[in-house]
Every structure is written in structure tokens, then in C-alpha cells.
Amino acid sequence: MTLNKRIAAISLFILVGGFLIYKMYIVPSAMSAANRNTENNAASYKVLESQNIIVGKDIDQGYYDIKALDNEAVVGSDKMHKNAVLHAEPYHMNVTFSIKGKIEFKPSEFKKTVKKNQQIIMKDPGHYVVGTEIPAGNYVLSRTTDKIRVFVDIKDETQTESLQTIPWEIDEKVKKPIEIELKKGYNVYIDKTGKDGYISNEGDLILEVNDQESN
């Protein structure tokens, strides 16, 4: 083997080794809420149809905005009508799940939610991080319709236990304001389902700003 070929072989080995280290160690470490941002998101865009999926083989590990492109689609245990969206679903390496129908997997972008007249409008169900997408602060939580079932789960940075859960059933009348405290790093999970048990993007959750903290 000539010197040039030996150098080329060593360079190729370093490149392949570096890529494997990135996939095995650096990418998994980015799957924490502290590192959750657009730059660290290793997810890649795909449109897939009914099949069993292995993360790391069929899709890359990462956070995805999932959109149903067919009626009566299913992703794991979530049933979705056409155009329904789940925000920032986390998929870790080697996790397996199945889908039914045509599904769009789009890498999540973690943009700040829009505040208007001291209100933050939360439309899509899914996962949100305080300080990245939702400003830290104290809020009063409400919903624009009682025709959907809502479940909100708030966890701290460790995501080991729920600090506060808010379950609202269909047609349930909220008798008093629901106050929540969101600190930087907290994780907020929102689930919204209709009477048919399908994920719903109808109706909004409203976070009314109250004594907001700075980031």
C-alpha cells in the first residue's frame, strides 16, 4: 500500500469512526430537555405509510412534528384524523412502534409561542419546554371549548414526576381559574382528544399571563 493510499484509508477510518461516535453518544445526549433545540435535533423529514417502525433504522432519533395525511391514521396509540398534528414527539433510539395510514414526520422547530394581549395560545397537542417555547411565569389556564377532552401534565427538568396535572372532561364546566407556575426547564405535555377518541387540534388552550417572570 502506497503512502497516499494509507493516508486515505486512515482518513476514511477516522471519518467513519467519528460518525459512529456522533450517532451513538452525541445524538442520544441531545435528547434531553436542556439540549432540546432546532440545531441539536437529529430528526430527518420522512413520509411513511402503514408499517412497523424502529427508531434508528426507519426514522432517525429526535423530536418530530407528526401530521396525519390520511383519515383514521394511527401513530403508536394515538388515533389521528387527516391534518391533525402532534408537536415535538420524542423518539429515542431502538424504540419500536407502528403506524397506520400515511404519516408525515417533520423535524420539530422549537419556536417561541406567540403572546397577544397577555395571552399565549396553545393549539397543537404535544410536548413543550418552558424557557424554550413557553416563557417562564405564572399563568391562568383556560380552554376555548368544552367539546374536547384535555389533559395537561407539568414536570420539572428531570421529568421524573408530575408537579401538576389538569384533566378536563368533555362538557365539564371549570368552576374556578386554574393557576399554574411554569419555571424555566419545566416540561409541559398537552393531550387533546375529541368524543371519538381521536387527537384533536380543535379548540385552544389559553395561558393568561399573570406576574410573568423574565427568562
Worksheet item: With the 4.5 Å side-chain cut-off for hydrophobic clustering, are Tyr91 and Ile54 part of the same group?
Response: no
Worksheet entry | Minimum heavy-atom distance Ile120-Pro135, with the two atoms named | CD1-CD, 3.6 Å
Worksheet item: Would a hydrophobic clustering, with Ile, Leu, Val, Met, Phe, Trp and Tyr connected at side-chain separations under 4.5 Å, put Val130 with Val140?
Response: no
Item to complete: Heavy atoms only: give me the nearest Arg143-Glu172 pair and the separation to one decimal.
Response: NH2-O, 2.9 Å
Fill in: Residue pairs, two or more places apart or on separate chains, that pass ring pair (Phe, Tyr, Trp, His ring centres under 6.0 Å) and touch residues 111-133
His87-Tyr128, His127-Tyr189
Worksheet item: What residues join Ile206 in its hydrophobic cluster, counting side-chain heavy atom gaps under 4.5 Å, either direct or through other members?
Response: Ile121
Worksheet entry | Min side-chain heavy-atom separation Ile134-Tyr186 under 4.5 Å | no
Worksheet, complete the sentence: One should read off an interatomic distance between Met122 CE and Thr113 OG1, to the nearest 0.5 angstrom, of 6.0 Å
Practice prompt. Answer whether the closest heavy-atom distance between the side chains of Val55 and Phe97 falls below 4.5 Å.
Written response: yes
Practice prompt. Measure the spacing between CZ of Phe105 and CG of Leu86 and express it to the nearest 0.5 Å.
Written response: 10.0 Å
Worksheet item: Between Lys192 and Gly126, is there a donor-acceptor pair closer than 3.5 Å when you use the side chain of the first and the backbone of the second?
Response: no
Worksheet item: So, do Leu205 and Ile190 sit near enough that their side-chain heavy atoms are less than 4.5 Å apart?
Response: yes
Worksheet item: For Gly101, does its backbone N or O pair with a side-chain atom of Ser50 as donor and acceptor, under 3.5 Å?
Response: yes
Item to complete: Output the distance between atom CG (Asn187) and atom CG (Asp156), rounded to the nearest 0.5 Å.
Response: 8.0 Å
Worksheet entry | Residues in salt bridge (charged side-chain N to carboxylate O under 4.0 Å, His left out) contact with Lys173, at least two apart in sequence or another chain | Asp146
Worksheet item: Less than 4.5 Å apart, any side-chain heavy atom of Leu48 and any of Ile99?
Response: yes
Worksheet item: If you look at every heavy atom in Met93 and Gly56, which pair is closest and at what distance?
Response: SD-CA, 3.4 Å
Worksheet entry | Contacts of Glu109 that satisfy salt bridge (charged side-chain N to carboxylate O under 4.0 Å, His left out) - sequence neighbours left out | Lys111
Worksheet item: Just wondering, do Asp191 and Val150 contact through their side chains at under 4.5 Å, heavy atoms?
Response: no
Item to complete: Using a 4.5 Å cut-off on heavy atoms from C-beta on, say whether the side chain of Val209 contacts that of Lys115.
Response: yes
Item to complete: Kindly compute the distance separating NE2 (His92) from CD (Gln61), expressed to the nearest 0.5 Å.
Response: 6.5 Å
Worksheet item: Hey, is NZ on Lys106 packed in by over 12 heavy atoms from elsewhere, all under 6.0 Å?
Response: no
Discussion item. Checking Ser142 now: which residues fulfil side-chain hydrogen bond (donor to acceptor under 3.5 Å, both in side chains) with it, not counting sequence neighbours?
Written reply: none
Worksheet item: Listed by chain and number, what are the salt bridge (charged side-chain N to carboxylate O under 4.0 Å, His left out) partners of Lys147, not counting sequence neighbours?
Response: Asp171
Practice prompt. Locate the shortest heavy-atom distance separating Asp65 from Ser108; write the atom from each residue and the value.
Written response: OD1-OG, 2.9 Å
Fill in: Closest contact, heavy atoms only, Lys112 versus Gly131
NZ-O, 3.0 Å
Discussion item. For the backbone of Ile199 and the side chain of Thr193, can you confirm whether one donor and one acceptor N or O come within less than 3.5 Å of each other?
Written reply: no
Worksheet item: Given the rule in the side chain to side chain contact (heavy atoms under 4.5 Å, CB included) test, do Ile59 and Tyr64 qualify, once you have shown the distances and angles that lead to the verdict?
Response: CA-CA 10 Å; Ile59 64 170; Tyr64 289 89; 3.8 Å; yes
Response to the item:
In short, side chain to side chain donor-acceptor pair (under 3.5 Å) pairs touching residues 198-209 with sequence neighbours left out are Gln119-Glu208, Asp124-Asn201
Worksheet entry | Non-hydrogen side-chain atoms of Ile53 and Ser98 separated by less than 4.5 Å | no
Item to complete: State, with a plain yes or no, whether a side-chain heavy atom of Ile180 is found less than 4.5 Å away from one of Ile178.
Response: yes
Worksheet item: What distance separates Ile154 CD1 from Ser162 OG, expressed to the nearest 0.5 Å?
Response: 9.0 Å
Fill in: Set of side-chain hydrogen bond (donor to acceptor under 3.5 Å, both in side chains) partners for Lys155, sequence neighbours left out
Asp153
Fill in: Gap between atom CD of Glu104 and atom CD1 of Ile66 - 0.5 Å precision
10.5 Å
Worksheet entry | Common cluster, Ile166/Leu163, ILVMFWY with side-chain heavy-atom separation under 4.5 Å | yes
Worksheet entry | Members besides Tyr45 in its Ile/Leu/Val/Met/Phe/Trp/Tyr cluster (side-chain heavy atoms under 4.5 Å) | Val47, Leu69
Discussion item. If you compare all heavy atoms of Ile103 against all heavy atoms of Ala73, which two are closest, and at what distance to 0.1 Å?
Written reply: CD1-CB, 3.6 Å
Worksheet entry | Asn41 side chain vs Tyr63 backbone, donor-acceptor pair below 3.5 Å | yes
Worksheet item: Backbone N or O of Glu179 within a donor-acceptor pair of the Gln164 side chain at under 3.5 Å?
Response: yes
Discussion item. Suppose we screen for ring pair (Phe, Tyr, Trp, His ring centres under 6.0 Å). Which residues come up paired with Phe151, at least two apart in sequence or across chains?
Written reply: none
Worksheet item: By salt bridge (charged side-chain N to carboxylate O under 4.0 Å, His left out), which residues pair with Glu169, not counting sequence neighbours?
Response: Arg149
Item to complete: Give a yes or no on whether Lys46 atom NZ has more than 12 heavy-atom contacts from other residues, nucleotides or ligands under 6.0 Å away.
Response: yes
Response to the item:
Residue pairs passing the side chain to side chain donor-acceptor pair (under 3.5 Å) test with at least one member in residues 68-84, sequence neighbours excluded, are His81-Asp196
